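Written below as structure tokens is the structure these notes are about.
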Amino acid sequence: MITKLKPALMALALSTGLAACNGTSESAAPAVTKKAEGVAITLKAVAVSPEVGTMGLVPTAPEGATYIHVTYELKNVSAEALPFEQWPQPRLVDAAGNRLEPEIGSSTALSASSNPGWFENLNPNLSTEAQLVWKVDAKSFDRAAWTLTFLSEPAVSFPLK
């Protein structure tokens with residue numbers, strides 16, 4: 001009886017582990033914080049996978065594409081409130097310097113599912129966590145050459161490796 005259960009238990013353990021990470025490849029580097037005018041930005045995680053989020057929240061990337069999924073924290077370190085409209089805007093920058101826009105719907109859905117008030121105005125000394133998703137051509141993506149850049153003063157860039 002135990003012998004018959006072993007393959008089933010192994011499959012269950014593997015599927016649970018895969019479901020927990022959604023097949024993503026997390027960055028091994030610890031969280032890094034950089035400062036710009038009035039804000040501190042902490043890059044917490046970078047994942048590359050054709051699937052992100054919980055099942056069905058974001059559709060699987062089409063063939064030939066993959067998702068770049070970034071989790072970051074934004075903290076207001078100024079003495080003034082920081083309205084959502086004035087947050088530094090993140091861009092994925094490829095090796096040629098092209099700035100790519102995030103997927104708005106997917107990014108909003110993922111951020112809201114893990115932090116319902118993620119987009120609120122930030123008063124001084126408060127922070128929030130946000131998630132961003134870019135759908136990119138899998139063949140042209142190069143984690144070692146691409147960066148995550150926030151359009152702030154000064155601009156803040158994080159390597160993806």
Side-chain angles (χ1 to χ4, degrees), residues 18-62 65-138 140-143 145-161:
L18 288 174
C21 71
N22 285 329
T24 60
S25 129
E26 292 290 328
S27 63
V32 176
T33 301
K34 296 185 179 186
K35 291 187 177 183
E37 187 177 327
V39 296
I41 304 165
T42 303
L43 180 59
K44 297 179 114 184
V46 176
V48 181
S49 175
E51 295 182 10
V52 295
T54 56
M55 217 45 147
L57 190 59
V58 177
T60 301
T66 194
Y67 288 116
I68 313 307
H69 179 199
V70 171
T71 303
Y72 74 96
E73 179 179 274
L74 181 68
K75 181 176 183 179
N76 181 355
V77 296
S78 75
E80 301 288 324
L82 181 62
F84 176 71
E85 300 80 29
Q86 294 178 9
W87 288 12
Q89 294 300 302
R91 298 294 182 266
L92 191 61
V93 181
D94 68 12
N98 298 309
R99 293 179 181 171
L100 307 176
E101 299 282 334
E103 301 287 312
I104 299 298
S106 299
S107 297
T108 301
L110 287 170
S111 291
S113 72
S114 66
N115 179 8
W118 74 274
F119 63 92
E120 299 293 341
N121 299 324
L122 290 177
N123 285 317
N125 300 313
L126 295 181
S127 61
T128 191
E129 185 176 281
Q131 298 184 48
L132 295 168
V133 176
W134 285 264
K135 184 173 20 177
V136 300
D137 175 52
S140 64
F141 176 67
D142 181 358
R143 190 175 189 142
W146 290 32
T147 62
L148 176 67
T149 299
F150 287 81
L151 308 179
S152 56
E153 289 298 325
V156 172
S157 291
F158 296 91
L160 299 180
K161 53 183 175 167

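On a predicted model such as this, the values are computed, not experimentally measured, just so you know. This chain uses plain numbering: 1 for the first residue, then up along the sequence.
- The stretch residues 32-42 participates, sequence neighbours left out, in no salt bridge (Lys or Arg N to Asp or Glu O under 4.0 Å) pair at all.
- Heavy atoms only, all atoms of each residue included: Pro83 and Asn121 are closest at CA-OD1, 3.1 Å.
- No donor-acceptor pair under 3.5 Å is formed between the side chain of Ser111 and the backbone N or O of Trp118.
- Legend: salt bridge (Lys or Arg N to Asp or Glu O under 4.0 Å) pairs involving residues 117-132, not counting sequence neighbours, sorted by first then second residue: Lys44-Glu129.
- The shortest non-hydrogen separation linking Thr149 to Ser157 is OG1-OG, 2.8 Å.
- For the pair Leu92 and Ile68, the minimum side-chain heavy-atom distance is below 4.5 Å.
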Practice item. Show your reasoning for whether side chain to side chain contact (heavy atoms under 4.5 Å, CB included) applies to Ser107 and Gln131. Key: CA-CA 6 Å; Ser107 297; Gln131 298 184 48; over 6 Å; no

Q | Evaluation steps, side chain to side chain contact (heavy atoms under 4.5 Å, CB included), between Leu110 and Val52 | A | CA-CA 9 Å; Leu110 287 170; Val52 295; 3.9 Å; yes

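- For an aromatic pair to be called close, the ring centres must be under 6.0 Å apart, and Tyr72 with Phe150 satisfies this.
- Looking at Trp87 and Leu122, their side chains come closer than 4.5 Å, going by heavy atoms from C-beta outward.
- Two residues are said to be in side-chain contact when any heavy atoms from C-beta on lie closer than 4.5 Å; Pro62 and Lys135 meet this criterion.
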What do the steps show when you test Phe141 against Trp146 for ring-ring contact (aromatic ring centres under 6.0 Å, His included), and what is the final call?
CA-CA 8 Å; Phe141 176 67; Trp146 290 32; 5.0 Å; yes

* Give the C-alpha distance, both sets of side-chain angles, the deciding distance and a yes or no for side chain to side chain contact (heavy atoms under 4.5 Å, CB included) between Val136 and Leu100. => CA-CA 9 Å; Val136 300; Leu100 307 176; 4.0 Å; yes

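- At a threshold of 4.5 Å between non-hydrogen side-chain atoms, the residues Asn125 and Val77 do not count as touching.
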request  = Take Val93 and Asn98, measure what side chain to side chain contact (heavy atoms under 4.5 Å, CB included) needs, and give me the verdict at the end.
outcome  = CA-CA 5 Å; Val93 181; Asn98 298 309; over 6 Å; no

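- If you check the side chains of Thr128 and Asn115, you find a donor sitting under 3.5 Å from an acceptor.
- Side-chain atoms of Ser49 come within 3.5 Å of backbone atoms of Glu51 as a donor-acceptor pair (strictly under, hydrogens ignored).
- No side-chain heavy atom of Ile41 sits less than 4.5 Å from a side-chain heavy atom of Thr33.
- Among residue pairs with one or both ends in residues 89-105, those qualifying as salt bridge (Lys or Arg N to Asp or Glu O under 4.0 Å) are Arg91-Glu101; sequence neighbours excluded.
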